[in-house]
2 protein chains.
Amino acid sequence: MSKASARSAILDATKRLLWERGFEATSPRDVLDASGAGQGSLYHHFPGKLALGVAALEEIAAEEVAAMDAIFDPALPPLKRVRAYLERKRDPLKGCRLARMANEAAIEQPEFRRPIAAYLERIETHLRTSLEEAGAGGELKAGADPAVLAAALLAIVEGGFVLARAHWDGERMVRAVDGGLALLDGFTAAETSR
Amino acid sequence: MSKASARSAILDATKRLLWERGFEATSPRDVLDASGAGQGSLYHHFPGKLALGVAALEEIAAEEVAAMDAIFDPALPPLKRVRAYLERKRDPLKGCRLARMANEAAIEQPEFRRPIAAYLERIETHLRTSLEEAGAGGELKAGADPAVLAAALLAIVEGGFVLARAHWDGERMVRAVDGGLALLDGFTAAETSR
DNA sequence: GTCTATAGGGGGATAGAC
DNA sequence: GTCTATCCCCCTATAGAC
């Protein structure tokens, strides 16, 4: 790993600090201290703090999108995929690696929010298409709108992180997600999965 | 209003800036510039930035709790109260005045999160008791758990703010809340409100 | 209770040697 | 491509006159 070089050390440190502290609270100095790189290396590879943050977010998004693609395994029955997403193991107090940044001032910069939005969009699409597939298979009740249910389930998870952090109690997220599972059950036609 | 004095000018400016930018992004200097007060006034009335933020959050929480208490008017049928909460007019891109702070480092301080948690708890309690009342009146389907549904509905609203800001598109929140309304309909026994 | 002046430290960024 | 040294500005807080 000697040729991992300063660039990747800087990116790795940034990815870690973004999750722990967010963007504004992470200074270039913090990144350098955490990575062991020198002052000039950062500004050689990135034009500034914003670009560094964007590059780190893009790597984080790539990792998390891959994890989501694995969870929404097309080999599984569609409603099992949705349940797998809701029941995924999470650390509520750490917040969502990407959506955690939604309230930073930098979110107004399109390049900053692009990887975050892409990640959320991917989940919502997986949820919607899974629900559509379930509906086509007669597993959903009539009147269930996959697009609207997908948006609500995603909001429950992201809102669950917020509630957990606001109360500093991971159980708050668990309860919200349980509500999401109940929501799913409520729209599931009698027979199927579970 | 001449005796409104520096203290309330400082608090008002802080309340405004907390909503616009959050806590870390708001400096004591910003507050002084926005309020017209002098440097010393801030530190005469508050021991430091954290205490100022807490005092401002307590006022914001008091205002928002009052607004919630008005929405959950006991004179209304219980399910109408829940719908009124979900359908409340909001500015999705501005975020929740209180829960917006959930990802700031200061949230780890108990006094900082107390007003935020109290506000969220109040909403959740209103939702739960309204749903319990609806259940007692036979308006909810069997198996609907008011506590879990309340947590999910609150998470949908708070998560909706996050989705809207991440996409910089208020429609994202509208869709999530529509899912909340569908969730409610799904657990409503055939005849009732709407 | 309010003000102006100021301090010490860290923020983001640049210069330029190696 | 990497490093050390340095810059200017703003951050939070204190001093002390009025």
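Below, read A as the first sequence line, B as the second, and so on, with proteins coming before strands; counting in each chain starts at 1.
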> Between His44(B) and dC3(C), does any side-chain N or O lie under 4.0 Å from OP1 or OP2?
Replying inline: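 Answer is no, no contact under 4.0 Å.
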> Would you say a side-chain N or O of Ser5(B) is under 4.0 Å from OP1 or OP2 of dT2(C)?
Replying inline: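 Yes, within the criterion.
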> Listed by chain and number, what are the ring pair (Phe, Tyr, Trp, His ring centres under 6.0 Å) partners of His126(A), not counting sequence neighbours?
Replying inline: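 Ring pair (Phe, Tyr, Trp, His ring centres under 6.0 Å) check on His126(A) returns Phe72(A).
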> Is the charged tip of Arg7(B) near the ring of Tyr43(B): under 6.0 Å from the six-membered ring centre and within 45° of its axis?
Replying inline: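 Not flagged: Arg7(B) not positioned over aromatic ring of Tyr43(B).
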Expected rows: protein N/O vs nucleotides 4-7 of chain C N/O, under 3.5 Å:
from: dT4(C); atom 1: O4; to: Gly40(B); atom 2: N; distance (Å): 3.2

Could you tell me how far apart [X] ([atom1]) and [N] ([atom2]) are, to the nearest whole angstrom?
X	N	atom1	atom2	value
Arg7(A)	dT2(D)	CZ	P	10 Å
Leu42(A)	dA5(D)	CG	C1'	16 Å
Phe46(A)	dG1(D)	CZ	C1'	13 Å
Leu52(A)	dG11(C)	CG	P	14 Å
Asp33(A)	dC3(D)	CG	P	13 Å
Tyr43(B)	dC11(D)	OH	P	11 Å
Lys49(B)	dT14(D)	NZ	P	15 Å
Leu11(B)	dT2(C)	CG	C1'	16 Å

>> salt bridge (charged side-chain N to carboxylate O under 4.0 Å, His left out), that's the test. Do Lys94(A) and Glu20(A) meet it? Break it down for me.
In response: CA-CA 7 Å; Lys94(A) 294 196 73 175; Glu20(A) 287 171 11; 5.6 Å; no
> Is there side-chain contact between Thr14(A) and Leu18(A), with at least one heavy-atom pair below 4.5 Å?
Replying inline: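 Side-chain contact under 4.5 Å: yes.
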>> Quick one, Leu50(B) and Gln109(B) - any side-chain contact, counting heavy atoms below 4.5 Å?
In response: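 Yes; the side chains approach each other to less than 4.5 Å.
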> What are the two closest non-hydrogen atoms of Ala34(A) and Arg16(A), and how far apart are they?
Replying inline: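 Closest heavy-atom pair between Ala34(A) and Arg16(A): O-NH2, 4.0 Å.
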> Of all heavy-atom pairs between Leu153(B) and Gly180(B), which one has the smallest distance, and what is that distance?
Replying inline: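 Smallest interatomic distance, heavy atoms only, reads CD2-O, 3.7 Å.
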> So which of residues 17-27 of chain A are in contact with DNA chain D, with a heavy-atom cut-off of under 4.0 Å?
Replying inline: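 Under 4.0 Å from DNA chain D: no residue of residues 17-27 of chain A.
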>> Run the side-chain contact (heavy atoms from CB on, under 4.5 Å) test against Asp12(A) and tell me which residues pass, sequence neighbours left out.
In response: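 Result, side-chain contact (heavy atoms from CB on, under 4.5 Å) vs Asp12(A): Lys15(A).
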>> Taking side-chain contact (heavy atoms from CB on, under 4.5 Å) as the definition, give me every residue that meets it alongside Asp169(A), ordered by chain and number, with sequence neighbours left out.
In response: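 Checked Asp169(A) against side-chain contact (heavy atoms from CB on, under 4.5 Å); matches are His167(A), Glu171(A), Arg172(A).
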> Hey, are Glu132(A) and Arg128(A) close enough for a salt bridge, meaning a charged N less than 4.0 Å from a carboxylate O?
Replying inline: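 Here Glu132(A) pairs with Arg128(A) in a salt bridge, since their nearest N and O are under 4.0 Å apart.
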> When the C1' atoms of the five terminal pairs at each end define the local axes, what inter-axis angle does the helix from dG1(C)-dC18(D) to dC18(C)-dG1(D) show, to 10 degrees?
Replying inline: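 Axis-to-axis angle, ends of the helix: 0°.
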> Could you state the interatomic distance from CG (Asp178(A)) to CE (Met173(A)), rounded to the nearest 0.5 Å?
Replying inline: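 Nearest 0.5 Å value for the CG-CE distance: 11.0 Å.
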